[in-house]
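Both counts, for ligands and for their atoms, begin at 1 and track the order of listing. Hydrogens, waters and symmetry mates play no part in the numbers below; they use all other heavy atoms, side chains included.
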Amino acid sequence: MGTPTNSAEKRFAGIGVSPGIVTGKIFIYGKNELPVSHRKISAGEAPAEIARLEQALMATRQQLQEIQRRIARELGEGDAAVFDAHLLVLDDPSVIDEVVKRVQKEGQNVEFAFDSVANQYIKSLSAEKDEYLRERAADIKDVAHRVVRNLQGHHFQDLRSLTEPCIVLSYDLAPSDTAVIDKKKVIGFGTDIGSKTSHTAIMARAMDIPAVVGLHDASQQVESGAMALLDGYSGTLIIHPNDQTLYEYGQIETKRHQIEVSLESLRDVPAETTDQCRVILGANIEMPGDVPEVIANGADGVGLFRSEYIFINRDSVPTEEEQFRAYFEVAEKLHPRPVVIRTLDVGGDKFLSHLQIAEEMNPFLGWRAIRFCLERVDIFRTQLRAILRASKLRNVRLMYPMISGVNELKKANAELEVVRRELRDQKIDFDEHMPVGTMIEVPSAALTADILAKECNFFSIGTNDLIAYALAVDRVNEKVAYLYEPTHPAIVRLIHQVVEAAHRANIRVSVCGEMAGDVALAPLLLGLGVDELSTSPSLVPQLKKVIRSMSKSQAVEVARDALTFGSGEEIRRVSTKLAMSIAPDVMELSGS
Ligand code: PEP
Ligand code: MG
């Protein structure tokens, strides 16, 4: 536990999205800018201003080259090449000459002049049709931001360049920010906005980093360097924790640790109810690097590999070979356990600049996932080839995200058939019987599950999106987070309907959204007939304990009651009551 200071303790309440308690120094990370100072300078001051500009350009160049070297070392030359374009901006005479002119002729201070010139370029380039020119706008924005910070004496740091462990606090973190986090340096993080099912929160759970979102304006109120305690269970950020708080948290941590240790003994036993109903308990992963966590937590395999994360933080689409290596690595390390690879689910809050998806008014309802893939069949077929090639290990399954109707599913299957034929012609080995599944995350898919079941081998219910779409609640907007209710009767009925349709067609159903990791709801989901659950690796032991402590008939009773209730609270209550009575220690650990 950390050292208290003399400053008064201050608490911020948010939403706990990744469990764990950490103490450390705060690092404020923000792309939201400090105001750029503006003052009139005399002609005599101009040479000194221009000298400051030269120094700032030099400092920026050194910082960029340092980042470039580190990325080349850690991620390879391809990723590092992005910074070549950034370095070029620093030598761009059209920008520099204009800044010098404004300083000399118009008496503008240099940071103001630089900021205005850069903004002018950014504005006109952003409006261009040409993709290359639009990308130049993004380069100029990034570099101008660094130059201005250097001119203003603010040291620029990104999340890859942290030198000591800290708790990162930010207005928001994009999945691309989270994806580069070094767990040794970022021991926890908090954001002003966000919700439990935003992809940043999902990443935090996958990486096992305690995190709290929806902290309102905490990043504005707290300074870098302040001592803090972050409680990812209850969703609290405490700045300058006092002795009493640190003592209390120390006690809680010891108790939680004891429960966690007791769960370790479950690693190699199956998730089976007391009346011998076997539940398959998968883990959700984003990267091949997550596999050790899957094994360490005793999961039965991977129920959802969000493949889009291997497309993120790079400046081009990964080649077939790069993708094949990633899929094969996961399947090989987990063999013979099954690995469900979901095809590219880009869009929504997962934005990839190199895929040229224009900004949309409603990205979650827009050109996303399978809709994107069915149009960019070049990208889709490359991915399908890579997945099929990895299927030669015979433990790979594939599923499509965001299917909204049977035509889409048939089209996706037709693409898969084209690729299968190609591989057969080329005598490349793959699993002819690789199971193909459909994610059920759009209400129209849930309502037509009986039709979809005829065209695929399994269903996986993506409750994160299904809840958002069915209840019309933006999954990343903390203002409407209170309406985001997994136990809403509409959701329970939809899940029930999907399970019934699937079982009538003799196919299995998994739930791979965050609802699957909510231990209090395990009785409800199993009672509704869900065959498999897939969640963050770290939640697997808790879920296993709950499943092993109850009988399927108890769960069925919970679900039967739930289907008669009119409110989400009642439904949650009945499921929580059973979970609490059979596994109180796990419920305490989960903060339920
Ligand atoms: C879901 O929507 O529940 C899901 C698992 O997919 P994602 O969270 O990646 O959108
Ligand atoms: Mg989804």
Test: Arg256 cationic atom under 6.0 Å from Tyr233 six-membered ring centre, within 45° of axis: yes
Numbered atoms of ligand 1 (with element) below 4.0 Å of [X], judged on heavy atoms:
{"X": "Gly462", "result": "1 (C), 2 (O), 3 (O)"}
{"X": "Met439", "result": "4 (C), 5 (C)"}
{"X": "Arg475", "result": "2 (O), 7 (P), 8 (O), 10 (O)"}
{"X": "Leu304", "result": "5 (C)"}
{"X": "Glu441", "result": "1 (C), 2 (O), 4 (C), 6 (O)"}

Determine whether a donor-acceptor pair (N or O, by modelled atom type, separation under 3.5 Å) exists between the side chain of [X] and the backbone of [Y].
{"X": "Ser575", "Y": "Ala520", "result": "yes"}
{"X": "Lys183", "Y": "Met207", "result": "yes"}
{"X": "Glu308", "Y": "Val346", "result": "no"}
{"X": "Asn413", "Y": "Glu455", "result": "yes"}
{"X": "Tyr327", "Y": "Leu388", "result": "no"}

Ligand 1-proximal atoms of Leu466, by part, heavy-atom distance under 4.0 Å: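 For Leu466, there is no contact with ligand 1 at all, from either part.
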Protein heavy atom at shortest distance from atom 6 (O) of ligand 1: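 Scanning the protein heavy atoms, the shortest distance from atom 6 (O) of ligand 1 goes to Arg342 NH1, 2.9 Å.
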Protein heavy atom at shortest distance from atom 7 (P) of ligand 1: His199 NE2, 3.3 Å
Side chain proximity check, Lys479 to Asp474, heavy atoms < 4.5 angstrom: no
Glu441, N/O/S atom nearest the Mg ion (ligand 2): OE1
Sidechain N-carboxylate O distance under 4.0 Å for [X], [Y]:
{"X": "Arg368", "Y": "Asp345", "answer": "yes"}
{"X": "Glu329", "Y": "Arg325", "answer": "no"}
{"X": "Asp518", "Y": "Arg572", "answer": "yes"}

Geometric N/O contact Thr463 with ligand 1, under 3.5 angstrom: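 Thr463 vs ligand 1: N/O contact under 3.5 Å present.
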Ligand 1 to Glu514 polar contact by distance, N or O atoms, under 3.5 Å: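 The answer is no, given that Glu514 and ligand 1 share no N or O pair closer than 3.5 Å.
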Arg368 to ligand 1, any heavy atom closer than 4.0 Å: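 Arg368: in contact with ligand 1 (<4.0 Å).
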Residue-ligand contact Met515/ligand 1, heavy atom below 4.0 Å: no
Heavy-atom nearest option to atom 3 (O) of ligand 1, drawn from Ile202, Thr197, Asn464: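 That would be Asn464.
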Contact flag Asp465/the Mg ion (ligand 2), N/O/S atoms, threshold under 2.8 Å: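 Here the distance criterion (N, O or S atom, under 2.8 Å) is met by Asp465, so yes.
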